[in-house]
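Notes to accompany the following structure.
If you're wondering where the values come from, they're calculated on a predicted model, not measured in any experiment. Proteins come first, then strands; the chains are lettered A, B, ... in the order of their sequence lines, and each starts at number 1.
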There are 2 protein chains.
Amino acid sequence: MKNQFITPDGYTSDIAVFTITSEQVGEYKPPKKELKIMLIKRSELDHEGNPNREAGKWALPGGFVRPGETAFQAAERKLAEETGVEGLKIKHFGVYDSPGRDLRGWIISNAHYVIANEAALRSRKKTYDASEIELFSLEEAVELDFAFDHRTIIDDALWFIKKDMALTTLAKHFLPEEFVLSELQGVLLTMLDDPSISTDAAFFRKAPTLPFIEAVCEDGKPKKSNRYSKTPAQLYRFNDFQPIVSVYRNKLQG
Amino acid sequence: MKNQFITPDGYTSDIAVFTITSEQVGEYKPPKKELKIMLIKRSELDHEGNPNREAGKWALPGGFVRPGETAFQAAERKLAEETGVEGLKIKHFGVYDSPGRDLRGWIISNAHYVIANEAALRSRKKTYDASEIELFSLEEAVELDFAFDHRTIIDDALWFIKKDMALTTLAKHFLPEEFVLSELQGVLLTMLDDPSISTDAAFFRKAPTLPFIEAVCEDGKPKKSNRYSKTPAQLYRFNDFQPIVSVYRNKLQG
DNA sequence: CTGTTTAATTAACATTTTGTTAATTGTTAA
DNA sequence: TTAACAATTAACAAAATGTTAATTAAACAG
């Protein structure tokens with residue numbers, strides 16, 4: 001161990017921003033939902049007018065972490081700078097540090113995923129850093145030309161999101177504060193393949209007993225909504241219950 | 001973005017090594033099991049004879065990642081160098097990059113946990129880097145004086161291990177290749193608090209149906225062991241089944 | 001006004017899993 | 001022989017799930 005260590009050439013924070021878009025498919029019908037990822041196209045020139053590495057390719061939003069801040073704080077900052085979005089769920093899921101992953105040198109990427117509900121993303125904007133910013137479905141995304149190892153990072157992010165969706169109340173961040181069961185079901189089905197979710201009778205019987213959601217009341221009466229059906233549907237909200245599951249206790253899928 | 005980025009002063013790989021020790025409590029009895037963590041005492045002088053930062057304090061094994069290797073590879077290397085142990089389950093669980101966490105400068109720690117079964121640790125050794133290397137129970141560990149933010153890292157590691165223990169077949173790495181149900185139960189109980197594990201009748205009824213373990217056979221007959229009981233007990237081994245649980249499908253604890 | 005349509009539920013019932021307490025089994029050691 | 005004891009297995013009520021069918025409530029067409 002020397003006093004003067006060999007140091008990396010850079011430390012970046014990258015963010016895979018996911019959202020679920022709703023496409024209105026008819027009046028009084030649950031909308032068609034689709035998982036999308038937000039990507040930016042790297043501009044030809046950087047802030048100072050120098051040619052940008054990997055220009056023209058698609059990449060995750062992100063950038064260099066500044067001294068005095070953490071990668072998490074950098075993620076918040078970059079997300080605000082590049083997309084104009086604040087106050088979202090940000091979670092670290094991995095570090096990418098293979099030699100050669102970035103031609104500029106030894107650069108370590110601290111990767112995060114972000115869940116945004118559609119409403120939050122409405123405020124997004126273009127900036128000098130991103131010549132283009134766009135939402136892609138995952139089918140579209142596989143066709144793109146990615147900068148660095150961002151394709152791998154995105155694949156991993158997706159895996160972590162699916163896992164967290166099944167094991168935690170992550171779905172909350174894709175939904176509005178108050179939602180109906182078919183909305184929750186729709187969100188879950190974009191990511192998870194499980195008969196206990198896709199079978200209506202099973203889902204509607206089980207969901208109201210889930211300890212981490214609760215029916216919304218107004219003036220002591222159940223609060224209902226007609227936004228997706230003629231029949232008024234009960235509104236629910238997430239509470240703070242943190243569910244715990246175990247492979248030794250519970251019945252397993254597959 | 002400049003061509004010459006501001007760079008961190010170092011990138012380290014730290015490893016929280018856990019094992020479960022078995023204390024023989026009598027013949028034909030399941031042993032008393034206890035979770036322990038391996039720590040090293042930072043030596044007074046480094047390789048080159050200079051005074052070491054945070055000397056005399058307890059710390060996780062680890063060290064600087066070299067250019068050309070990943071933090072994961074560094075973890076493997078350091079683990080071999082400092083403890084003489086190879087071939088263990090290593091898993092990344094977090095990054096520690098708060099400004100000021102290391103007085104030597106802006107130093108980023110990529111943290112891993114390692115699960116070792118007791119047999120693997122028998123080969124551990126002292127080296128020039130670690131003036132002392134020792135296993136501590138978690139009760140003992142809370143009393144220690146830790147270098148850097150290693151106390152926080154250990155707390156987090158423990159949380160991740162408990163989670164992975166409940167959600168994956170991680171328990172496998174604490175056990176020998178072939179084990180008896182009471183051994184599995186003992187390992188699980190050192191980390192998890194669940195009546196379906198601690199209640200013998202429930203555990204012994206459920207365990208043989210778990211899809212990720214299977215009874216060991218020899219010459220077409222069930223293979224049994226007397227190592228912890230007079231009654232011969234069936235031996236099991238983990239297979240490659242990856243269990244999946246979901247908070248929306250399964251009954252929840254708490 | 002009346003029947004039709006559709007999402008949102010609820011019902012019903014057989015099947016599986018649990019929670020729980022009690023009984024068996026196989027082996028050693030007195 | 002028998003006591004002891006870990007390792008099972010049995011037994012049965014209570015809960016949860018898989019599945020198919022029925023009900024409900026509003027909107028809309030006629």
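With contacts defined as side-chain heavy-atom distances shorter than 4.5 Å, the pair Asp164(A)/Leu170(A) qualifies.
Base pairing analysis places dA30(C) opposite dT1(D); the two distances defining the Watson-Crick or G-U wobble pair are each below 3.5 Å.
Residue Ala201(B) places its side chain closer to dA22(C) than to any other of dA8(C), dT19(D), dA22(C). Side-chain proximity of Pro232(A) to the nucleotides dA21(D), dA7(D), dA25(D) is greatest for dA25(D). For Thr231(A), the listed nucleotide lying nearest its side chain is dA7(C); candidates were dA7(C), dA26(D), dT28(C). Out of dG18(D), dT27(C), dA6(D), the shortest distance to the side chain of Ser196(A) is found at dG18(D). For Arg205(A), whose side chain is taken as the heavy atoms from C-beta onward, the closest listed nucleotide among dG26(C), dA12(C), dT9(D) is dA12(C).
Side-chain contact, Tyr96(A) with Asn110(A): no donor N or O sits under 3.5 Å from an acceptor N or O. For the 3.5 Å distance criterion, the side chains of Thr190(B) and Lys33(B) fail to qualify, holding no donor opposite an acceptor.
When each of Thr21(B), Leu158(B), Thr19(B) is paired with Leu35(B), the side chain to side chain contact (heavy atoms under 4.5 Å, CB included) condition holds for Leu158(B) and for no other.
Phosphate contact (OP1/OP2 of dC28(D), side-chain N/O of Lys230(A), threshold under 4.0 Å): absent. OP1 or OP2 of dA7(D) sits under 4.0 Å from a side-chain N or O of Ser182(B). Considering only side-chain N and O atoms, Lys206(B) lies nowhere under 4.0 angstrom from the phosphate OP1 or OP2 of dT17(C).
The nearest whole Å value for the distance from the CZ atom in Phe204(B) to the P atom in dT25(C) is 18 Å. Spacing between atom CD1 of Ile197(A) and atom P of dG18(D) amounts to 11 Å, rounded to whole angstrom units. Between Arg249(A) atom CZ and dT18(C) atom P there is a gap of 9 Å when expressed in whole angstrom units. Between Leu210(A) atom CG and dA16(D) atom P there is a gap of 12 Å when expressed in whole angstrom units. Between Lys224(B) atom NZ and dT27(C) atom C1' the separation is 13 Å, expressed in whole Å. Going from atom CZ of Phe203(A) over to atom P of dT17(D) covers 13 Å, rounded to whole Å. For the pair Lys29(B) NZ and dT28(C) P, the computed distance is 15 Å after rounding to whole Å. Rounded to whole Å, the distance from CG on Leu184(B) to P on dA6(D) is 18 Å.
Residue Ala202(A) is the one, among Ala202(A) and Asn226(A), whose nearest nucleotide of DNA chain D lies closer to the 5' end (criterion: closest heavy atom). Along DNA chain C, the nucleotide closest to Glu27(B) and the one closest to Pro30(A) are compared, and the more 5′ of them pairs with Pro30(A).
At distances below 3.5 Å, at least one donor-acceptor pair connects side-chain atoms of Asn239(A) with backbone N or O atoms of Phe241(A).
Within the 4.0 angstrom heavy-atom criterion, only backbone atoms of the sugar-phosphate kind lie near Ser229(A); the bases stay farther away.
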